[in-house]
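Throughout, numbering of the chain's residues begins at 1 and tracks the sequence. Everything numeric here is computed off the predicted structure, so don't read it as measured data. Computation of the quantities below employed the complete heavy-atom set of this structure, encompassing side-chain atoms and omitting hydrogens, waters and symmetry-equivalent molecules.
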Amino acid sequence: MPSAFATGFPDVHLADNVLQNPPADLRADDFLAVHHPHSEQPPTTHHFEDFSREPPKPDPSKLSDRPWEPFQSQLDFEFAEFTLNAALNQGQIDILLKLVDRIAVNRTDFSFRSYGDVKGAWEAASHMSPDYDEHELKVGYKNETRTFKMFCRPLFEWSLSLVADPILAPKFTWHAQRLFKLNGETQTWERFVDEPYTADNWWDAESHLPNYASPLAYSVEDENEEGKKGFTTFKRAVWHKAFWILLESVAKWAKDGYNFQCGDGVWRILFPMILILVADYEEQAMMSLIRGPKGKCPCPVCLVPQDQQTNLGEVPLYPYRDPAVAQALVEDPTLKGEEREKKFKSLGLRPLENVFWKIPGCDVYRALSWDRLHAYHGGLFSDHLFDEFQEIVQELGRDILLQINAQIDAMPSFSGLNHFSAAGSVKFADGKKYQHIAKLLTRVQIIVQAIYNLLSLATTKRGYLLLKCIRRYVILDMLSGLKVHLEVTIRMFSSGLVRYKEAIQEYSEVHPEKSWNFPKNHSHQHLPSDIVGKGASKGYNSKNSEKMHGILKDIYSDQTNFKDISRIEHHRSIAKITRARIEAYEDSSPKGEKPAKEDPFQFNQIHLGARLHPATLEKIEQRQTQDKDFTRFRLNLEEYLNNRYSSTRSHHAYLRLKPQQLVIESRYLRVDYESVVTWKQDTDHIRCSPLFQGAPRYDSVIYWVDDNTYGFAQLKCVFTFEFRGIHYPIALIRPFEVVQLPRLVRSRTDQDLGLCRLRKKQGTSLIPADSITRAALITKDFGKDGDFLALDTVDEDMFMRFRRDFPIWDT
């Protein structure tokens with residue numbers, strides 16, 4: 001079971017022990033990979049610029065030169081693929097074929113003449129992926145036996161089809177690893193986790209397998225629907241019997257392994273193991289066979305009492321569930337009648353056999369994983385924090401509601417974030433709930449910034465304390481979504497749990513009518529253990545597969561006679577496999593390398609786009625009649641260029657700029673930057689235009705003031721200018737200054753609500769455009785004239801960047 005390592009990594013000094021003879025050329029930010037002993041690979045070190053975990057490309061010798069088979073030609077496959085993706089029915093396909101037959105030029109490569117031909121091609125290709133099998137299961141209910149049909153792919157057989165594929169096989173990770181990054185300041189190795197194979201549960205599970213074993217790890221997800229209370233026990237019995245059909249082949253080979261030649265030509269003894277179970281709370285209750293939210297112990301992972309779910313700690317405060325204990329109770333012949341029922345109720349369990357007990361090495365309680373989509377976005381926030389917010393807003397009256405919506409509507413746009421014109425009256429329709437919640441969540445902190453002046457402590461204590469709770473929640477949501485975790489980020493989340501609990505307790509004192517004793521307010525207690533054991537939450541977030549539900553609904557409504565859903569989905573699998581084979585074959589074919597074209601508007605990490613025709617300095621300066629920021633534009637540029645490039649000035653006299661000299665202005669700036677979370681490249685898209693989608697838009701940026709200092713600014717103009725034969729990218733900005741107040745002086749409101757305060761400096765400045773490092777979202781402060789607020793929760797990178805570069809804002 002998970003243990004005290006919930007707030008950090010065990011064996012964090014492992015790197016020091018394995019590097020007996022460290023390389024002489026170690027540098028800051030180097031990586032160390034410690035491979036599981038069963039892999040028989042020594043530890044390896046890599047310089048930052050050389051480190052990559054991209055899987056090798058497939059061996060061209062193992063690729064067919066006719067990758068579209070069993071379709072007669074690539075053209076046949078692409079036609080069949082089109083009809084599938086377009087959701088065409090039989091009649092539509094026949095009409096399309098008649099049209100194609102009339103205009104086809106190359107008849108030898110196109111053999112389809114009817115829907116039957118297309119159908120036959122899919123049937124001929126059906127062996128490429130295991131088809132769905134029909135099963136019948138019978139379960140007793142009261143005095144009758146009920147029969148159900150179930151369609152599924154046997155899980156292990158489906159896995160073998162993936163492992164056997166020469167394109168997919170190189171992408172599999174067969175052994176656990178522990179990864180480290182060298183801290184340049186402390187010269188110590190810091191462990192990080194992201195994928196499940198870098199975390200502890202895989203390592204531990206592999207350590208219990210024979211040395212020759214190759215783990216085949218599964219992440220299993222379930223979606224369920226609720227039923228009536230009297231039907232609950234029967235429903236759970238049906239679910240576990242049905243799931244056994246899916247898992248039976250996994251259980252068969254999990255104990256002794258299965259010898260198999262993989263697609264890369266290597267024979268491996270595969271040991272299937274279930275490491276991760278992904279589901280919403282209701283499905284987790286089904287998997288763990290607990291009694292649900294009203295049970296005495298409603299958590300599927302631990303034994304927290306029903307009335308203690310608000311009690312959160314930096315480490316779990318209650319014992320974890322033990323599958324051995326649950327199994328012993330179910331199989332205990334001495335427990336009968338009321339005594340048996342009382343015992344199971346005391347643990348919040350149902351007296352049923354759990355299907356996961358049949359899988360060797362599977363601990364269902366440890367495999368159950370925290371789900372960000374349902375626990376946070378579609379649970380704690382949407383159904384509780386946001387409901388409370390709307391109730392408070394409605395109670396304040398129509399005038400306040402209108403002002404709140406007006407201030408939210410006045411918030412600036414930002415690339416990748418959805419703009420909401422209201423929040424006090426937003427309602428979610430069931431079918432679009434998660435889609436709308438996802439859009440709103442990107443604006444949660446900006447809503448706090450936009451309206452905090454209307455929900456002040458003096459106006460509505462309840463409203464103010466709820467904003468404080470929302471701020472604590474936003475911090476947890478940011479940390480929970482990190483794609484890479486260090487020990488420090490896990491500890492940040494754990495301490496954040498306690499701060500969130502304290503904010504909820506404070507809110508409950510002024511509004512005791514609201515109960516916070518519900519499972520989704522408790523479940524994030526187990527996220528630190530999940531991160532250490534299973535990697536970053538992206539690996540067990542059901543958001544990834546929610547899209548599949550929509551695909552199946554589309555198949556049902558558009559492509560079937562309300563049957564045969566499994567057949568169409570099977571065809572989709574075949575299409576994906578065939579498409580991947582064609583692309584791999586084309587990629588492996590020799591091609592002439594085209595020389596890269598030099599881009600005159602690419603300067604280091606930035607690219608200037610949406611360029612205008614060259615304009616004279618005089619014309620640019622004429623803007624000052626509408627915009628004072630362009631006053632003395634030519635003279636300021638002249639002074640900037642001569643002062644900035646002093647080494648050039650030492651060889652030349654001070655150069656005067658003429659009104660007719662040309663600049664090339666851009667209305668769009670693309671900035672590539674290294675994420676402080678993943679250490680990979682990401683991109684911002686920045687606009688500066690007097691008219692963009694019907695309104696002026698001048699985005700804000702973060703830029704280097706000097707080698708040690710970052711600054712904030714609003715971007716007013718970006719352009720290139722030729723000076724002494726060299727083209728320079730230059731930005732006209734309106735800079736802000738960070739309000740540098742010590743933590744003890746900073747206002748309670750700023751600290752409670754995470755307000756990152758700025759003030760505009762006088763005038764404008766010219767800076768090298770390639771000193772811009774990121775876009776920023778800066779809003780007007782409606783609570784204090786002349787002040788502005790920088791948003792630290794645009795994304796996870798921004799959140800961590802602010803904490804690194806502006807520690808005064810770490811609240």
Can you confirm whether the side chains of Asp672 and Thr683 place a donor and an acceptor under 3.5 Å from each other?
yes
Check ring-ring contact (aromatic ring centres under 6.0 Å, His included) between Phe721 and all other residues, then give those that pass, not counting sequence neighbours.
none
Drop me the distance from Leu662's CG to Lys619's NZ, to the nearest 0.5 angstrom.
11.0 Å
Pi-cation contact, Phe601 with Arg611 (under 6.0 Å, within 45°):
yes
Can you find a heavy atom in the side chain of Leu791 that is under 4.5 Å from one in the side chain of Ile778?
no
Step-by-step side chain to side chain donor-acceptor pair (under 3.5 Å) determination, Asp599 to His607:
CA-CA 9 Å; Asp599 186 347; His607 179 269; 2.8 Å; yes
More than 12 heavy atoms of other residues, nucleotides or ligands under 6.0 Å from CG of Asp785: is that the case?
no
Residues passing the ring-ring contact (aromatic ring centres under 6.0 Å, His included) test with Phe51, sequence neighbours excluded, are Phe31, His46
Do we get Arg803 above Phe799's six-membered ring, with its NZ or CZ under 6.0 Å from the centre and within 45° of the axis?
yes
Say you draw a straight line from CG of Leu497 to CG of Leu527; how long is it, rounded to the nearest 0.5 Å?
8.0 Å
For Glu665 and Cys717: C-alpha separation, side-chain torsions, deciding distance, then whether side chain to side chain contact (heavy atoms under 4.5 Å, CB included) applies.
CA-CA 7 Å; Glu665 185 181 355; Cys717 182; 3.6 Å; yes
Does Gln661 use its side chain to pair, donor to acceptor, with the backbone of Lys658 at less than 3.5 Å?
yes
Are the side chains of Leu454 and Thr459 in contact, using a 4.5 Å heavy-atom criterion?
no
The ring-ring contact (aromatic ring centres under 6.0 Å, His included) partners of Phe806 (sequence neighbours excluded) come to Phe712, Phe802, Trp809
With no hydrogens and no angle check, do the side chains of His685 and Asp699 hold a donor and an acceptor under 3.5 Å apart?
no
Below 4.5 Å, heavy atoms only, C-beta onward: do Arg491 and Glu487 meet side chain to side chain?
yes
Within the 3.5 Å criterion, strictly below it, is a donor on Thr811 or Arg471 matched to an acceptor on the partner's side chain?
no
Starting from the C-alpha separation in whole Å, work towards a yes-or-no answer on side chain to side chain contact (heavy atoms under 4.5 Å, CB included) for Leu608 and Leu669.
CA-CA 5 Å; Leu608 281 66; Leu669 186 67; 3.8 Å; yes
State whether Trp189 and Lys181 meet the cation-pi test: NZ (Lys) or CZ (Arg) under 6.0 Å from the six-membered ring centroid, and within 45° of the perpendicular axis.
no
Would a distance-only check, ignoring hydrogens and angles, find a side-chain to backbone donor-acceptor pair under 3.5 Å from Gln602 to Ile606?
yes
Start with the C-alpha distance between Ile730 and Thr720, add both sets of side-chain angles, then the distance that settles side chain to side chain contact (heavy atoms under 4.5 Å, CB included), and finish with yes or no.
CA-CA 6 Å; Ile730 303 169; Thr720 58; over 6 Å; no
Tested for ring-ring contact (aromatic ring centres under 6.0 Å, His included) against Phe736, the lone hit among Phe788, Tyr710, Tyr703 is Phe788
For the pair Thr678 (side chain) and Ser675 (backbone), establish whether a donor and an acceptor sit closer than 3.5 Å, ignoring hydrogens and angles.
no
With side chains defined as the heavy atoms from C-beta onward, is the minimum distance between Trp370 and Arg372 less than 4.5 Å?
yes
Scan side-chain atoms only and decide if Asp29 and His47 contain a donor-acceptor pair under the 3.5 Å cut-off.
no
Between Asp706 and Thr709, do the side chains contain a donor N or O and an acceptor N or O under 3.5 Å apart?
yes
When rounded to the nearest 0.5 angstrom, what is the spacing between CZ in Arg644 and CZ in Phe723?
12.5 Å
Starting from the C-alpha separation in whole Å, work towards a yes-or-no answer on salt bridge (charged side-chain N to carboxylate O under 4.0 Å, His left out) for Lys716 and Asp627.
CA-CA 10 Å; Lys716 294 299 306 240; Asp627 190 339; 2.9 Å; yes
Test Asp750 against Lys784 for salt bridge (charged side-chain N to carboxylate O under 4.0 Å, His left out), laying out the working first.
CA-CA 12 Å; Asp750 284 9; Lys784 189 172 183 179; over 6 Å; no
Out of Lys483, Arg774, Arg801, which one pairs with Asp795 under the salt bridge (Lys or Arg N to Asp or Glu O under 4.0 Å) rule?
Arg774
Spell out, as yes or no, whether a donor-acceptor pair under 3.5 Å connects the side chain of Ser52 to the backbone of Glu54.
yes
Quick one: does NZ or CZ of Arg623 land under 6.0 Å from the six-membered ring centre of Phe630, within 45 degrees of the ring axis?
yes
Quick one: does Cys469's side chain get under 4.5 Å of Leu385's, heavy atoms only?
yes
Nearest 0.5 Å, what's the OG1-CG distance between Thr773 and Asp684?
9.0 Å
Working to the nearest 0.5 Å, report the span between OG of Ser747 and CG of Leu755.
7.0 Å
Quick one: do Lys501 and Glu314 satisfy salt bridge (charged side-chain N to carboxylate O under 4.0 Å, His left out)? Show the steps, please.
CA-CA 11 Å; Lys501 177 194 73 171; Glu314 291 197 13; over 6 Å; no
I'd like to know if the side chain of Thr793 reaches the main chain of Gln445, judged simply by a donor and an acceptor atom lying under 3.5 Å from each other, with no hydrogens or angles considered.
no
Have a look at Val448 and tell me which of Leu753, Leu466, Val474 forms a side-chain contact (heavy atoms from CB on, under 4.5 Å) with it.
Leu753
Do Tyr640 and Leu637 come within less than 4.5 Å of each other through their side chains, counting heavy atoms only?
yes
Going by atom types alone, do Asp371 and Tyr376 pair a side-chain donor with an acceptor below 3.5 Å?
no
Is the side chain of Asp752 donor-acceptor paired with the backbone N or O of Thr749 at a distance under 3.5 Å, no angle test?
no
Measure the shortest side-chain to side-chain distance between Leu479 and Met800 over non-hydrogen atoms and say whether it is less than 4.5 angstrom.
yes
Non-hydrogen side-chain atoms of Leu715 and Ile772 separated by less than 4.5 Å
yes
Using a strict 4.0 Å threshold on nitrogen-to-oxygen distance, state whether Glu638 and Arg632 make a salt bridge.
no
Nearest heavy-atom neighbours spanning Arg746 and Cys756:
NH2-N, 4.4 Å
Does either side chain, that of Glu618 or that of Gln660, offer a donor lying less than 3.5 Å from an acceptor on the other one?
yes
Please round to the nearest 0.5 Å and tell me the distance separating atom CG of Asn541 and atom CG of Leu373.
5.5 Å
Looking at every heavy atom in both Ala33 and Leu179, which two are closest together, and how far apart are they?
CB-CD2, 3.5 Å
Before giving the answer on side chain to side chain contact (heavy atoms under 4.5 Å, CB included), spell out for Val663 and Leu617 the whole-Å C-alpha distance, their side-chain angles and the decisive distance to 0.1 Å.
CA-CA 7 Å; Val663 301; Leu617 291 173; 3.5 Å; yes
Does any donor atom in the side chain of Arg670 or Gln605 lie under 3.5 Å from an acceptor atom in the other side chain?
no
Under 3.5 Å, is there a donor on one side chain and an acceptor on the other for Asp781 and Gln449?
no
